[in-house]
Structure formats: C-alpha cells, structure tokens
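Taking it in order: structure first as structure tokens, then the write-up.
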Number of protein chains: 4
Amino acid sequence: MARGLNKVMLIGHLGSDPELRVIPSGQSVANFTLATNESYKDSSGNLQERTEWHRIVAWGRLAEICQQYLKKGRQVYIEGKLQTRSWDDTKTGDKRYATEIVCSDMQMLGSAREGGVPQGGGNNAQYSQSGGGYSTPSSQPQQGGYQGSAASGSQAPEPDKDDLPF
Amino acid sequence: MARGLNKVMLIGHLGSDPELRVIPSGQSVANFTLATNESYKDSSGNLQERTEWHRIVAWGRLAEICQQYLKKGRQVYIEGKLQTRSWDDTKTGDKRYATEIVCSDMQMLGSAREGGVPQGGGNNAQYSQSGGGYSTPSSQPQQGGYQGSAASGSQAPEPDKDDLPF
Amino acid sequence: MARGLNKVMLIGHLGSDPELRVIPSGQSVANFTLATNESYKDSSGNLQERTEWHRIVAWGRLAEICQQYLKKGRQVYIEGKLQTRSWDDTKTGDKRYATEIVCSDMQMLGSAREGGVPQGGGNNAQYSQSGGGYSTPSSQPQQGGYQGSAASGSQAPEPDKDDLPF
Amino acid sequence: MARGLNKVMLIGHLGSDPELRVIPSGQSVANFTLATNESYKDSSGNLQERTEWHRIVAWGRLAEICQQYLKKGRQVYIEGKLQTRSWDDTKTGDKRYATEIVCSDMQMLGSAREGGVPQGGGNNAQYSQSGGGYSTPSSQPQQGGYQGSAASGSQAPEPDKDDLPF
DNA sequence: TTTT
DNA sequence: TTTT
C-alpha cells in the first residue's frame with residue numbers, strides 16, 4: 001500500500017492552444033499537446049531530430065491558467081503523472097488505450113517576447129497543483145505590447161495533423 | 001533545435017517477467033509491465049488505491065539485464081522517456097497508438113530476499129544505458145550467457161505490430 | 001518572477017535514525033542523513049564505489065512520520081528541494097554554509113522484512129507534503145501518538161545554529 | 001552495491017558567467033551559480049519570493065559548452081547530481097563542506113533574444129554528458145545581431161554578494 | 001554513518 | 001498482471 005512513484009517531467013513547446021471544457025461536475029479540464037525534441041546522430045553520423053508528441057491534461061485551477069496563459073508555440077515545463085485511459089472500440093470491440101500526462105505543475109519558460117503570448121495579459125506564470133497555488137505579481141504593471149503577436153518562434157514545432165498521435 | 005526534456009521516473013512492481021526478443025538486426029529488446037500504486041481519499045474520505053500500469057521497453061544490454069535479474073513482483077526504479085508508436089488498424093483503418101517508457105536506467109529496490117529473485121543468481125543490479133554501463137561485483141561470478149553480445153544500436157528500431165499495448 | 005525548478009530525487013539508505021525536535025513555534029522537525037551509492041570504473045578499469053552523504057530535513061507531519069517509520073539502514077526514496085542555510089562562524093567571522101534537502105515526499109522501499117523496521121509498528125509508509133497527505137491502511141491501527149498534532153506551517157522556520165552540517 | 005539515485009533538476013538563471021579552468025590533468029572545469037526562484041504566501045497572505053542559489057560545476061566538453069554559450073542571466077535547465085566536498089579549515093581546524101551540483105545535462109531555455117547571449121555565436125545549445133553529445137545545427141546559418149548585448153533580462157536574478165552562499 |  |  002501507499003508506495004510508488006509515477007512522475008513525468010517535460011520541457012517542450014505547445015502544439016496547440018489549450019482547450020478548456022467544464023465537465024458536468026463543474027470541474028475545469030484543459031487539454032493540449034506538447035512536443036519534445038531530441039536530436040541524435042543516425043548510423044551515418046548525420047544529425048537527426050525526432051519530435052515526440054505528448055497529450056497533456058490539466059484539471060481545476062491549473063486548467064484555467066493553462067487556457068489563459070499558454071498558447072501554441074509557447075515553451076513550458078510540465079510535471080505530472082502518467083495515466084492510461086481505456087475504452088471499448090465500438091467498431092471492433094477491441095479495448096483501446098490512450099496515455100496522457102496529468103499535469104500537476106506547469107511553468108512558462110523564456111520571456112514574454114516569446115511565442116505563445118496570451119491576448120492582453122502578462123505572462124510568466126507558474127503553478128503547482130499542490131500547496132502554494134498560483135499568483136501573478138501584482139506590483140509589476142503589465143507593459144502591454146505584444147498582444148496578438150503570438151508568433152510561433154522558430155523553436156516551436158509545427159504539428160502536422162498526420163504526425164499527431166491524438 | 002536540440003532542446004527538450006522527456007523524462008519519466010517510476011517506482012513500482014513488475015506485473016510480468018520481462019520477455020526478451022532478438023530482432024532481425026540482432027538487437028535485444030525486453031518488454032515488461034510495471035504497476036505504480038497511488039492511494040488517495042475519495043469524496044467520502046475513504047482510502048482508495050489506484051494502480052497505473054506502464055509498458056516498459058528496454059534495448060540492448062539493458063534488455064538482457066532486465067531479463068536476467070527482474071521477475072514478476074520485483075520492485076524497481078525505472079528511468080526513461082516517453083515514446084508513442086503508431087500503426088494503422090487494419091480492421092478499421094484508424095490510426096492506433098501505444099505509449100511506452102523506453103528505459104534508460106533501472107535499479108532493483110529492496111533486498112535479495114524480496115519478490116522476483118532470479119533463479120540461481122545474485123541480484124541487486126543497476127544499469128545506466130549511458131556511460132558507465134553495468135557491472136556485477138567481480139567477486140560474484142556471472143552465470144554465463146551473453147557476455148560480448150551486448151550490441152547496442154544508436155537508435156531503437158521499429159517495433160513490430162504484435163506489440164499491442166497490454 | 002514565479003518560475004524555477006528546484007528538485008532533488010534520491011534513493012538511498014539512512015545513515016542514522018531520524019532525530020525529531022519540536023521548535024518553539026510548535027513545528028516538528030526531523031533530521032537524518034542519507035547515503036546514495038554510485039559505482040564506477042576507475043582508470044585502471046576496477047570497479048569502485050563512491051558514497052555520497054545527504055542531509056535531509058523534514059517538517060511537520062512528515063517529520064513525525066519519518067521519525068516513527070524510518071530507521072538507520074532503511075532504504076527510502078526522498079524527493080525535495082535544495083536549501084542552503086548560512087550563518088556566521090563566530091570563531092573566524094567567516095560566513096559558513098550548509099546545504100540540505102528539504103523533504104516533500106518520502107517513500108519506504110523494500111518490504112517490512114528489511115532493515116530499519118520500527119519497533120512494534122507496521123511500515124511501508126508513503127507521504128507527500130502536498131495534497132493527499134499520509135494515511136495508514138485503516139485495518140492497521142496506529143500505535144498512538146500524534147493524531148491531531150500534525151501542524152504544518154506554510155513556511156519552514158529558521159533552523160538554529162546547532163544544526164551544523166554533519 | 002550498485003544502487004542508489006542522486007538526481008538534481010533545476011530551472012533557473014545564471015548568477016554569473018561560467019568560469020572555465022583547465023586542471024593539471026588537462027580536464028576542463030566550469031563553475032557558475034544558478035538562482036532558482038520560488039514564490040509563496042507568508043503567514044499574512046502576502047506573496048513572497050525566495051531565491052535559492054546553487055553552485056554548478058561541469059566537466060570536460062560540457063564545461064566548454066557552458067563557458068561558450070551561457071552568460072549571466074541566461075535561463076537554463078540543469079540536471080546533475082549532488083556532491084559535497086570537504087576540507088579542513090586551516091584557521092580553525094574544523095571540517096568544512098561545500099555542496100555542488102555536478103552537471104550532466106544542460107539546456108538553454110527561451111530564445112536567442114533572451115539574456116546571456118554569447119559573443120558572436122548562435123545559441124540554443126543542448127548537451128548531455130552521456131551519449132549523443134552536443135551539436136549545433138550546421139544547416140542553420142547564424143543570423144548575427146545580438147553580439148555583446150548580453151542584457152540580463154528582467155527575470156535574471158541580480159546576485160548580491162552578501163546573499164551568495166559561495 | 002547506510003547498503004550490497 | 002504488481003505490491004502492501
């Protein structure tokens with residue numbers, strides 16, 4: 001009883017704006033995809049890059065923060081746990097599975113000038129599901145400026161529909 | 001380019017003995033499942049337990065060590081990265097996905113008296129895919145087997161379709 | 001503002017029984033040392049072992065659990081953050097520093113048969129400072145003690161000067 | 001034997017430019033400090049910020065990369081292990097200790113426009129001590145531009161001599 | 001000062 | 001399918 005570690009830590013870029021839903025119980029849920037890039041040398045010694053796509057889900061207050069502050073292209077640190085949901089495929093009767101990272105901590109990386117800027121807001125949010133909660137500095141006035149400039153930086157992965165495992 | 005973090009850390013118990021295969025290229029692959037347990041209080045305040053199952057895959061020398069030293073029930077620490085494979089479901093034409101943890105570090109936890117002791121061997125192995133590699137104390141002779149066969153390709157080959165999730 | 005990651009994850013064995021103190025504010029504090037072992041090959045190819053000692057500090061309810069369940073020799077997983085305290089060395093006037101891991105999560109590894117079993121109690125505790133908190137299976141009665149006293153301040157108070165490093 | 005986990009993961013800003021030395025054996029060593037920020041609410045409910053300073057040491061190729069690409073103020077992800085060195089204080093005869101993070105993986109966060117830009121080079125380096133090694137994209141010409149502009153971003157902590165535990 |  |  002009561003033992004086990006199930007931890008995931010990711011640094012990557014959002015492949016999509018977070019989608020926020022409110023489920024019947026009143027709970028907020030946000031979903032988005034995150035790309036982590038890895039480079040390696042292939043057998044010929046050439047530098048290759050592989051992108052791995054992750055499906056992130058956040059709940060409650062953290063869901064709302066993700067929806068408010070994160071945008072496609074933004075670089076973030078995500079901490080959470082693995083969870084595999086299953087359901088019956090009505091077409092085939094097979095059991096099907098989807099693995100997600102249930103987010104418990106999120107941090108925006110880079111500065112406000114970077115990709116994925118929220119409309120009209122400051123950024124640089126940090127949130128941990130447990131404990132301190134979230135806060136934006138109130139004594140630091142928003143300098144405005146980059147509303148609508150949500151340019152996906154060059155680092156931001158451009159998710160291709162056919163490449164996305166979701 | 002060249003940035004990103006994709007890390008998974010698990011402590012749990014093996015749900016099955018590792019299965020070792022050698023793929024046509026000569027690479028060894030081991031697969032096993034790992035259960036991580038989490039307890040929480042439900043809305044009525046009753047203690048509940050949830051088990052999450054993870055699909056672990058190890059390559060090369062590490063695969064062989066897993067197969068030799070790990071047994072169903074054994075408690076281990078696993079470090080690795082998330083990887084989602086996809087294939088076309090021939091029955092439906094749908095794209096299907098399976099997420100695995102590609103293991104890069106493994107440590108046996110607890111002592112030799114604990115579950116999952118290999119027949120006739122010592123245990124308490126530790127291995128890291130990168131760098132130092134694996135070693136058994138020299139006073140503890142190997143029971144023979146795969147010395148010298150530890151071919152470790154630079155990149156994981158394509159796992160075949162029979163490797164359905166769970 | 002409000003960004004940063006400061007995380008430590010250790011698996012090792014206690015070098016000493018935890019020492020529990022109650023500071024004037026009423027907060028419980030537990031201190032113990034943890035050894036993590038690493039093996040490597042030296043330049044001559046001989047297997048060497050290096051032990052690193054860590055100073056762990058736990059607060060509040062977690063401190064009490066550590067004191068109750070952990071014993072010298074017990075294998076544990078520790079998660080926490082780095083904190084360096086400083087004070088003036090009265091002998092020399094120099095500033096001195098001690099780095100500790102402030103524990104936020106602890107898990108006992110291995111089974112009850114293993115080293116460091118508390119006298120007369122069950123074991124296999126897991127605790128996370130944030131969220132769910134700690135619980136023993138209800139069928140396993142507590143041997144009395146600190147129910148209800150689990151005061152857990154939001155911030156760690158100032159540890160006193162006698163807490164010299166090691 | 002051969003068991004244990006000693007892992008540190010940090011996201012923070014450099015408090016100083018890395019200093020590179022070559023030790024008599026020919027090995028390169030880089031040292032720098034890293035600030036991780038944490039915000040919390042004090043007992044009065046006011047938002048407080050605490051900065052923790054870490055002493056980072058990198059060896060070999062990674063040391064050279066740190067020296068080349070990192071500058072004061074730059075945001076990075078650091079992975080490594082804890083190591084406490086000790087020596088005898090000749091003034092007092094006391095044993096003294098210093099804890100460092102021996103870096104095994106480093107990633108620059110944010111974009112090239114951010115603080116800590118190397119003179120005349122591109123950035124966005126990633127390096128892991130083990131395995132793949134380091135590489136800069138060669139097919140992506142340097143766009144020049146920000147040489148000498150190593151402005152510490154607003155996020156960059158201004159290390160105060162008296163605050164620095166090193 | 002731990003552990004194997 | 002694990003463990004306590």
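This one's a predicted model, so the numbers in the text were calculated from it and none came from an experiment. Lettering of chains follows the sequences in order, A, B, ..., and the numbering in each one begins at 1.
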Check your understanding: Does a salt bridge link C:Glu79 with C:Lys7, judged by any charged N lying under 4.0 Å from a carboxylate O?
Key -> yes
Revision key, fill the gap. Separation of F:dT4 atom P from B:Leu14 atom CG, nearest Å, is 13 Å
**Study point:** Atom-pair distance (CG on C:Leu109; C1' on E:dT3), nearest Å
**Key:** 12 Å
Revision key, fill the gap. Looking only at F:dT2, E:dT3, E:dT1, the nucleotide nearest the B:Trp53 side chain is F:dT2
Check your understanding: Could you state the NE2-P distance from B:His13 to F:dT2, rounded to the nearest angstrom?
Key -> 11 Å
Point to revise | Between C1' of E:dT3 and OH of C:Tyr77, the distance in whole Å | key: 19 Å
Study note, to complete from the structure: Sorted by chain and number, sequence neighbours left out, side-chain hydrogen bond (donor to acceptor under 3.5 Å, both in side chains) with A:Ser104 holds for none
Check your understanding: Rounded to whole angstrom units, what separation is found between the CG atom of C:Leu10 and the P atom of E:dT2?
Key -> 18 Å
Revision key, fill the gap. Applying side chain to side chain contact (heavy atoms under 4.5 Å, CB included) to B:Thr92 and not counting sequence neighbours gives A:Lys91, A:Thr92, B:Asp89, B:Asp94
Check your understanding: Nearest to the side chain of C:Thr33, which nucleotide is it out of E:dT1, E:dT3, F:dT1?
Key -> E:dT1
Review point. Hey, is CD on C:Glu19 packed in by over 12 heavy atoms from elsewhere, all under 6.0 Å?
Key: no
Study note, to complete from the structure: To the nearest angstrom, the CZ-P distance between B:Arg50 and F:dT1 comes to 19 Å
Point to revise | Rounded interatomic separation in angstrom, taking NZ from C:Lys71 and P from E:dT2 | key: 15 Å
Check your understanding: Contact class for B:Thr36 vs. all strands (heavy atom < 4.0 Å): base, sugar-phosphate, or nothing?
Key -> nothing
Check your understanding: To the side chain of B:Lys72, which of F:dT1, F:dT3, E:dT2 is closest?
Key -> F:dT1
Exercise for review: Write down the distance between CD (C:Glu19) and C1' (E:dT1), rounded to a whole number of angstrom.
Suggested key: 12 Å
Practice item. Could you please name the option among E:dT2, F:dT3, F:dT1 that lies closest to any side-chain atom of C:Ala35? Key: E:dT2
Review point. Do B:Val102 and B:Ile56 come within less than 4.5 Å of each other through their side chains, counting heavy atoms only?
Key: no
Review point. Considering only heavy atoms and no angle criterion, is a donor-acceptor pair shorter than 3.5 Å present between the side chain of C:Asn37 and the base of E:dT4?
Key: no
